[in-house]
Peer 1: 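Got a structure here, written out as structure tokens. Questions coming.
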There are 2 protein chains.
Amino acid sequence: MNETEAPLRRRVTLRDVAALAGVSPSTASKALNDRPGQVSTSTKERVREVAERLGFTPNALAQAMHSSRTGTVGLITDDLEGRFSLPILMGAEDAFGAGRTSVFLCDGRGDPIRESHHLKALVGRDVDGLIVVGARPDARPSVSHRVPMPVVYAYAPSEDSQDLAVVPDNTRAGELAAEHLVAMGRTRIAHISGDPTYSAAQNRAAGIATVLDAHGLEQVGPTQFGAWDEPWGRAATRNLLEHRTAVDAIIGGSDRITRGIIETVRASGREIPSDIAIVSFDNWEPLISGSQPSLTSVDFGFKQIGRRAAHLLSAALDGQPPAQRVETVTPKLVIRNSSTGT
Amino acid sequence: MNETEAPLRRRVTLRDVAALAGVSPSTASKALNDRPGQVSTSTKERVREVAERLGFTPNALAQAMHSSRTGTVGLITDDLEGRFSLPILMGAEDAFGAGRTSVFLCDGRGDPIRESHHLKALVGRDVDGLIVVGARPDARPSVSHRVPMPVVYAYAPSEDSQDLAVVPDNTRAGELAAEHLVAMGRTRIAHISGDPTYSAAQNRAAGIATVLDAHGLEQVGPTQFGAWDEPWGRAATRNLLEHRTAVDAIIGGSDRITRGIIETVRASGREIPSDIAIVSFDNWEPLISGSQPSLTSVDFGFKQIGRRAAHLLSAALDGQPPAQRVETVTPKLVIRNSSTGT
DNA sequence: TTGTAAGCGTTATCAT
DNA sequence: ATGATAACGCTTACAA
């Protein structure tokens, strides 16, 4: 028994404030909520002063029982490393406004049973809405029919085309990468991508092809598909350099792949970017900033995806029909030394 | 077949269940909560069957108003990249049990005002407790006196030594790294660390010194302090190799630093690990797995920190005094090729 | 074994 | 301008 603990004071309730201010709870409520013309200025001031002094914080749970809004949303993800979910969460927080809406973060870990538990808990907590973040950019199973509140899918769309979603534009990302290299005067462009079962890999390749076509260029060799990691970047680059000496640019499928590409290109004695220019996808800080030379990379705007998802959810809560069910966020090219610089 | 297909517009309440089962709400409550000897078996079964059929989920908010436990905790962090917070969150989720406790994740972004907003919101939501994840391993301002519920600090302790905390053991981490290298027969060991204002940097250096002393070895040159990034790893390594040729091992202060070290060592024509063995800190997958050779690195066990923090919080909620206010999680060395292999 | 009623903290409605 | 009262969904004495 240690009574030296922090005083477990009972939380201050509206009653306490009202009593100390010498008014009824309902008047106190009006005073604190600034009901126009329903409470005198003097009373309002007195109540507020007391509330301040007592450190009163309204019980959001009790409030929620009236407003039919709890001011909470659930964000459920399978992305363990947080590569996508955290920026998306941050964007959502921004859009909702810190303090106004609170976010339950739930990690499904790719396990449908875990996900079900979380869903049930979130429904029980009466969240106003749900944001579901997929683990990869391909369509994932819908959960919308299992919950009584609006759901927005972020990063990966739902398999049900009726569902709302905010997704990155991978095709445009491919175009951006290729357009930049063409603009820099490169003509012999190769593409080393990742896992071909990812729609992202296919869409980026398609975007690149479109741009090369439009400029009458032909890609150097077919797109090499493999894994999303550095060893594959190294292996594919070795293969490329062995068979095609006439290459003046490489597009890497992810920053991890591109780190492998850079290492191998430099080891072969070629200079970046003078001999070979490099453009990458992801713009992931821990891999980007340390690279030598620094990496030009396409940023997918995860924070923006989070913001838009939050907006879509808010609109849905207000009963506004969305302009479009699946919204696309346009990526941005961040230019650094690997494609232009010293 | 699942009868609960239709999206319920109004949530199913206990009343609905009770009405359909032909009992009063209180009886339904007892039936669902398995109150021993207060409800007949037949009634219990009937109520449960109806609840199941209607897809009834109890309103956790309403329940919370009785139990004095909301089954929610707040996790507040300043760690933007999620390098620490997400593993810690995952560990905490594990320990709490998915579905039983839900976690509000709040990003303070190093801004005290934002943090205050979040704190206020969490208090208003009546969270049972708080886990505060610092941005760096040094003591951070206490928030415990500002909230009426228990707080556990994870990763970084509180400035108030009365507060509960779970932190990594950086001294032991340094020892582990050095012990391993000594065990591998290395005698000329150098240390390239990060920002010297981090206690983590100092404590690891101290751990290394202890072990070298114990073995009658002297560190090759003073610890080089700088930044936690690759460029510093490169610069420091160049400096080291220029001035000290007799080096057979380097301890890198973080995986990012170590990536820079490896690149520079190999560029100098030396082999890893035959000429120079390398050990690192962090064991951060995106940097570790792609490295060539793969990196031996000290893992701080963030998930375990999250688990312990959750346990401490649970214990505090149950009124149990902690065995110790500041609990330490022992790191583990993960051995890969940079210190031993082919 | 079951039902009735009170109450958790707040807000909306309706008197006063 | 203020206050009494009911209601949100649930649990729990207490009464039947």
Side-chain angles (χ1 to χ4, degrees), chain A residues 9-48 50-51 54-72 121 123-128 148, chain B residues 8-48 50-51 54-72 120-121 123-128 148:
Chain A
R9 52 191 166 179
R10 193 174 54 84
R11 284 220 14 223
V12 179
T13 100
L14 186 60
R15 267 175 144 86
D16 303 330
V17 175
L20 223 91
V23 297
S24 76
S26 65
T27 301
S29 172
K30 288 166 192 157
L32 292 173
N33 292 327
D34 214 1
R35 289 282 169 280
Q38 292 188 35
V39 62
S40 71
T41 318
S42 61
T43 305
K44 190 195 296 184
E45 270 177 16
R46 187 157 31 92
V47 171
R48 295 198 158 173
V50 172
L54 261 48
F56 169 71
T57 307
N59 183 329
L61 279 59
Q63 288 181 315
M65 299 193 64
H66 287 268
S67 62
S68 80
R69 288 278 181 96
T70 57
T72 60
V123 171
R125 298 239 135 80
D126 228 357
V127 294
D128 296 331
Chain B
L8 353 141
R9 69 166 92 87
R10 193 171 56 87
R11 290 238 348 241
V12 179
T13 95
L14 186 60
R15 265 177 147 86
D16 304 329
V17 176
L20 223 92
V23 297
S24 75
S26 66
T27 302
S29 171
K30 289 165 191 158
L32 292 173
N33 293 330
D34 215 2
R35 288 284 169 278
Q38 292 189 34
V39 63
S40 72
T41 317
S42 62
T43 305
K44 190 195 295 183
E45 270 178 14
R46 187 155 34 88
V47 171
R48 296 197 157 175
V50 172
L54 261 48
F56 170 71
T57 308
N59 184 328
L61 279 58
Q63 287 181 315
M65 299 194 65
H66 289 270
S67 63
S68 80
R69 287 278 181 97
T70 56
T72 60
K120 188 138 197 175
V123 172
R125 298 239 134 79
D126 228 357
V127 295
D128 296 330

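Lettering of chains follows the sequences in order, A, B, ..., and the numbering in each one begins at 1. It should be emphasised that the depicted structure is a prediction, and the values quoted were computed from it without experimental measurement.
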Peer 1: Distance under 4.0 Å to a non-hydrogen atom of chain A counts as contact; along DNA chain C, which nucleotides mark the start and end?
Peer 2: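 The protein-touched segment is dG9(C) to dT13(C).
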Peer 1: Under the salt bridge (Lys or Arg N to Asp or Glu O under 4.0 Å) definition, can you give me all pairs with a residue in residues 23-35 of chain B, not counting sequence neighbours?
Peer 2: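 Qualifying pairs, neighbours excluded: Asp34(B)-Lys44(B).
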Peer 1: State which residues pass side chain to side chain donor-acceptor pair (under 3.5 Å) with Asp128(B); sequence neighbours excluded, sorted by chain then number.
Peer 2: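 With sequence neighbours excluded, Asp128(B) shows a side chain to side chain donor-acceptor pair (under 3.5 Å) to Thr70(B), given in chain and number order.
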Peer 1: Can you sort out which residues in residues 33-43 of chain B have a heavy atom within less than 4.0 Å of DNA chain D? Ascending by number, please.
Peer 2: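 Heavy-atom cutoff 4.0 Å gives Asn33(B), Arg35(B).
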Peer 1: Identify the heavy atoms of Arg11(A) and Gly124(B) that sit nearest to each other, and give their distance.
Peer 2: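 For Arg11(A) versus Gly124(B), the nearest heavy atoms are NH1-O, 4.0 Å.
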Peer 1: If you round to the nearest 0.5 Å, how far is CG of Asn59(B) from OG1 of Thr13(B)?
Peer 2: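 Thr13(B) OG1 to Asn59(B) CG: 9.5 Å, rounded to 0.5 Å.
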Peer 1: Residues two or more places apart in sequence or in another chain: which of them pass side chain to side chain donor-acceptor pair (under 3.5 Å) with Ser42(A)?
Peer 2: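 If we apply the side chain to side chain donor-acceptor pair (under 3.5 Å) test to Ser42(A), skipping adjacent residues, the hits are Ser40(A).
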Peer 1: By side chain to side chain contact (heavy atoms under 4.5 Å, CB included), which residues pair with Leu32(A), not counting sequence neighbours?
Peer 2: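 By the side chain to side chain contact (heavy atoms under 4.5 Å, CB included) rule, Leu32(A) matches Leu14(A), Val47(A), Arg48(A), Ala51(A), Phe56(A).
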Peer 1: Angle between the two end axes of the helix from dT1(C)-dA16(D) to dT16(C)-dA1(D), five base pairs per end, rounded to 10 degrees?
Peer 2: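 Computed angle between terminal axes is 50°.
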Peer 1: Round to a whole Å and report the spacing from NZ of Lys44(A) to C1' of dT2(D).
Peer 2: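 The distance from NZ of Lys44(A) to C1' of dT2(D) comes to 15 Å, rounded to the nearest Å.
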Peer 1: With sequence neighbours excluded, tell me which residues meet side chain to side chain contact (heavy atoms under 4.5 Å, CB included) with Ala18(A).
Peer 2: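 Val23(A), Pro25(A), Ala28(A).
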Peer 1: Going by side chain to side chain donor-acceptor pair (under 3.5 Å), name the residues that satisfy it together with Ser26(B), two or more places apart in sequence or in a different chain.
Peer 2: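 Residues passing side chain to side chain donor-acceptor pair (under 3.5 Å) with Ser26(B): Ser24(B).
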Peer 1: What is the nucleic acid contact for Ser26(B), judged by heavy atoms within less than 4.0 Å: base, sugar-phosphate only, or nothing?
Peer 2: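 It contacts base atoms.
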Peer 1: What is the distance, to the nearest angstrom, from the NZ atom on Lys30(B) to the P atom on dT12(D)?
Peer 2: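 About 10 Å, once rounded to whole Å.
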Peer 1: Determine the sole option in Thr57(A), Val17(A), Val50(A) for which the side chain to side chain contact (heavy atoms under 4.5 Å, CB included) test with Val12(A) is passed.
Peer 2: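 Among the candidates, only Val17(A) passes.
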Peer 1: Do Arg125(B) and Thr72(A) come close enough that some side-chain heavy atom pair is under 4.5 Å?
Peer 2: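 Answer yes - side chains close enough.
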Peer 1: Count the heavy atoms of every other residue, nucleotide or ligand shown that sit under 6.0 Å from CZ of Arg69(A), and state whether that count exceeds 12.
Peer 2: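 Atom CZ in Arg69(A) is packed in, count exceeds 12.
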Peer 1: Using heavy atoms and a sub-4.0 Å distance, could you list which residues of residues 59-71 of chain A are near DNA chain C? By number, please.
Peer 2: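 Correct list: Asn59(A), Ala62(A), Gln63(A), His66(A).
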Peer 1: For side-chain contact (heavy atoms from CB on, under 4.5 Å), just list the numbers for Met65(A) and Met65(B), CA-CA rounded to whole Å, side-chain angles, deciding distance to a tenth of an Å, and then say yes or no.
Peer 2: CA-CA 11 Å; Met65(A) 299 193 64; Met65(B) 299 194 65; 3.4 Å; yes
Peer 1: Does any part of the side chain of Val39(A), heavy atoms only, come nearer than 4.5 Å to the side chain of Thr27(A), both counted from C-beta?
Peer 2: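 Yes; the side chains approach each other to less than 4.5 Å.
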Peer 1: Roughly how many Å is it from CG in Leu32(A) to C1' in dT2(D), rounded to a whole number?
Peer 2: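 From Leu32(A) CG to dT2(D) C1': 15 Å.
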